[in-house]
Amino acid sequence: MAATGSTASGESAFYVSTPIYYVNDAPHLGHAYTTVAGDVLTRWHRQRGEKVWYLTGTDEHGQKVMRTAESHGVTPQEWADKLVEEAWKPLWEHLQIANDDFIRTTEERHTRRVQEFVQDLYDKGEIYRGGYEGPYCVHCEEFKSPGELLEGDLCPIHKKPIEWLQEENYFFKLSEYGPRLLEFYEANPDFVQPASARNEVVQFVRQGLQDLSISRSTFDWGIPIPWDPKHVIYVWIDALLNYATAVGYGSDQAKFDTTWPADVHLVGKDILRFHAVIWPAMLMANGLSLPGRVFANGWLMVGGEKMSKSNLTGISPRELTEHFGVDAYRYYFLRAIPFGQDGSFSWEDFSARYTSELANDFGNLASRVAAMIGKYFDGTLPEPGDAGAAEQAIAEGLATATAQADRLIGDNLDFSTGLGAIFDFVKQVNGYLSDQAPWKVAKDESPEGQARLATILYTAAESLRAVAVLLNPVMPGTCEKLWASLGAEPHLGPLADQRIADVAKWGRLPAGASVVKGEILFPRLDDAKS
RNA sequence: GGGGCGGUAGCUCAGCCGGUCAGAGCAUCGGACUCAUAAUCCGUGGGUCGUGGGUUCAAGUCCCACCCGCCCUACCA
């Protein structure tokens, strides 16, 4: 069972994907939530020193895009191009997303390989021609699922009677994969996470699977079925394959070998089934190894309602970043909401956490330490004297925080608790300063007093050095400022090159470093807005 | 209809196999301090643990019913 990473060569990349987002609309908070989570996860692994591949992109085929484009008087391709260039890519840049690739399903590197993949399945007898029968709304021009019909078999949109229609389609023999899928879930209990999502998937598969129609012939915005071009490939089959085509499937074997399969597929829970059932079945059918994990994140709720494209009560990502800043935005959702659960958020809660955790605890700590080193040592980090029990406790606190954060964030995708561990350390350092009261020690001008003062401030600065590294995956802009403020780069090199494994090694920031009080890390919010 | 999850201090939530489990963070209030972004540190607050029954020496913690909210029950990305 290929549950995890793959090729024996140690070069195998930690491969993480987001869903490829449907270009029907502009990105909203939910899209950004998933994408930021993946970015933090991959940045964390890069700081572990691992080879990483972070993929995102857009899903551009399908009837909805076609219709939306028509209603705007442009071709589907034009519509997709416009949204990708004007909305999607700019937002990811704005949010500091460090993706390694961005795939679009209309790109030839994708469409050609999708055809090959489907042709392979056809040749292997995994796909057959059949008829799909179901309730069809002539006004919508599409099939409905029986469950969504209103009483009396009315179309939920048009409130008009549907008719039963039959369409010739190609089907994938999904029904044959139930037992193998269950076996796989059993052998890989962490394949679908969180556990609640796994239970739903397992229960669903146990009910028995039906074959999946994988072609459409009522519209043409899609990838043609190679042996029967009157049909286009069902958009989900098309979309899922991006995870393979983007990393060289069928075109760049070397790259494919060192990247495939994905270690983590991040998905919204609305598309869990496609990733946890259909996708592995497709891969089994074609003899490819299976991904390591499918992790479903929850909904963002605002005022108790789900955030989504249909519910545009939405606050846009940019509204929030304009007020709170990009780094605080990246931090907030991961800190406030346990990853994998639905989470309610509010402007008030964001403000509260910004002020308490970011400005007061973290930002202010950086300020006071830099200020004192400036005031008492002219901005040159002093040589510490002997460490006492208090300093020992700080070093141990750092080791604990680092170990916890590494496991929780890097392995478990428990960003909330992991960040909590780092911020517990920040609070510990604030407490250490209160206890040691360096501003009082500074009044003792004896050599012993000055040595003690040096030890205290060195301890605080060294703690900040570690915090900058630990928080860099989440708040790269802020941590870069802190790194500069500590004068770390000339001695330790670029922040992004700092390794998680070295964070807790005490004493890395050398005496003599030039510490300056830079700009305020998290300025107080103008409370105009509430 | 069937299945699942949740309803614990003002807010967001921890509480595994029943017996210091009535908690944490934030907010509030009081105190300390002054290096710092009027920040920090310490202390404090009494919430019928959704409702009503039941089991037990003992129940947020088990059982039953009910109320409320959410999710799943296949081809919408």
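Numbers restart at 1 for each chain; the letters A, B, ... are given by sequence-line order, proteins then strands. What you see below is based on every heavy atom in this structure, not just the backbone, and it leaves out hydrogens, waters and symmetry mates.
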ask   = Do the side-chain N or O atoms of A/Lys269 get closer than 4.0 angstrom to the phosphate oxygens (OP1, OP2) of B/G4?
value = no
Syn/anti state for B/G23 [syn: chi within 90° of 0] = anti
query = Can you find a pair of side-chain heavy atoms, one from A/Val118 and one from A/Ile237, that are under 4.5 Å apart?
reply = yes
query = Rounded to whole angstroms, how far apart are CZ on A/Phe423 and P on B/U40?
reply = 13 Å
query = Looking at A/Arg524, does any N or O in its side chain come under 4.0 Å of the phosphate oxygens OP1/OP2 on B/A39?
reply = yes
task = Report yes if the distance between the aromatic ring centroids of A/Trp279 and A/Phe274 is under 6.0 Å, otherwise no.
result = no
key: Contact check, side chains of A/Phe423 and A/Tyr331, non-hydrogen atoms, under 4.5 Å   = yes
query = Within less than 4.0 Å of OP1 or OP2 of B/U40, is there a side-chain N or O belonging to A/Asn360?
reply = yes
ask   = In whole angstrom, what separates A/Phe522's CZ from B/A39's P?
value = 16 Å
task = Using atom CG of A/Leu209 as one end and atom C1' of B/U73 as the other, report the distance to the nearest whole Å.
result = 14 Å
ask   = In whole angstrom, what separates A/Met282's CE from B/A74's P?
value = 21 Å
Proximal nucleotide (of B/C35, B/U40, B/U37) relative to the A/Ser434 side chain = B/U40
key: Interatomic distance where CE belongs to A/Met372 and C1' belongs to B/C35 [whole Å]   = 4 Å
request  = For B/G50 versus B/G10, give the span between their P atoms, rounded off to a whole number of Å.
outcome  = 14 Å
query = For RNA chain B, what is the dot-bracket line, given that a base pair needs Watson-Crick (N1 to N3, plus N6-O4 or O6-N4) or G-U wobble (N1-O2 and O6-N3) geometry with both distances under 3.5 Å, and | means paired with another strand?
reply = (((((((..((((.........))))..((((.......))))......(((((.......))))))))))))....
ask   = Hey, are A/Arg104 and A/Glu60 close enough for a salt bridge, meaning a charged N less than 4.0 Å from a carboxylate O?
value = yes
query = Quantified in whole Å, what is the C1' atom distance between nucleotide B/G18 and nucleotide B/U44?
reply = 31 Å
Whole-angstrom distance between B/A59 and B/C16, as gauged at atom C1' = 15 Å
inquiry  = Quick one, A/Ile225 and A/Val232 - any side-chain contact, counting heavy atoms below 4.5 Å?
reply    = no
task = Write down the distance separating the P atoms in B/A36 and B/G45, rounded off to the nearest Å.
result = 33 Å
ask   = Within the structure, does a side-chain N or O atom of A/Arg273 lie under 4.0 Å from either OP1 or OP2 of B/U73?
value = yes
key: Whole-Å C1' distance, B/C21 and B/A58   = 13 Å
query = Between A/Arg129 and A/Asp228, is the closest basic N to carboxylate O distance under 4.0 Å?
reply = yes
request  = Determine: side-chain N/O of A/Lys517 to OP1/OP2 of B/U37, distance under 4.0 Å, yes or no.
outcome  = yes
task = Could you tell me whether A/Glu445 and A/Arg452 make a salt bridge, using a distance below 4.0 angstrom between a side-chain N and a carboxylate O?
result = no
inquiry  = When you compare the side chain of A/Val36 with that of A/Phe415, does any pair of heavy atoms fall below 4.5 Å?
reply    = no
remark   = Atom CG of A/Leu365 and atom C1' of B/U37 are separated, to the nearest Å, by 12 Å
query = If we take the C1' atom in both B/G60 and B/C76, what is their distance in whole Å?
reply = 40 Å
query = Taking 4.0 angstrom as the limit, do A/Glu85 and A/Lys89 come out as a salt bridge?
reply = yes
ask   = How long is the line joining CG of A/Asn430 and P of B/U37, in whole Å?
value = 14 Å
ask   = Any donor-acceptor pair under 3.5 Å joining the side chain of A/Asn364 to the base of B/A39?
value = no
ask   = Taking the P atom of each, how far is B/C41 from B/C26, in whole Å?
value = 9 Å
key: Length of the CG-P vector between A/Asp435 and B/G43, whole Å   = 11 Å
Look for any protein N or O under 3.5 Å of an N or O in nucleotides 28-34 of chain B and output each such pair with its distance, or none.
from: B/C33; atom 1: O2'; to: A/Trp439; atom 2: NE1; distance (Å): 3.4

message = Taking only the P atom of each, what is the distance from B/U48 to B/U8 in whole angstrom?
response = 12 Å
query = So, A/Asp414 and A/Arg407, do they make that salt bridge, N to O below 4.0 Å?
reply = no
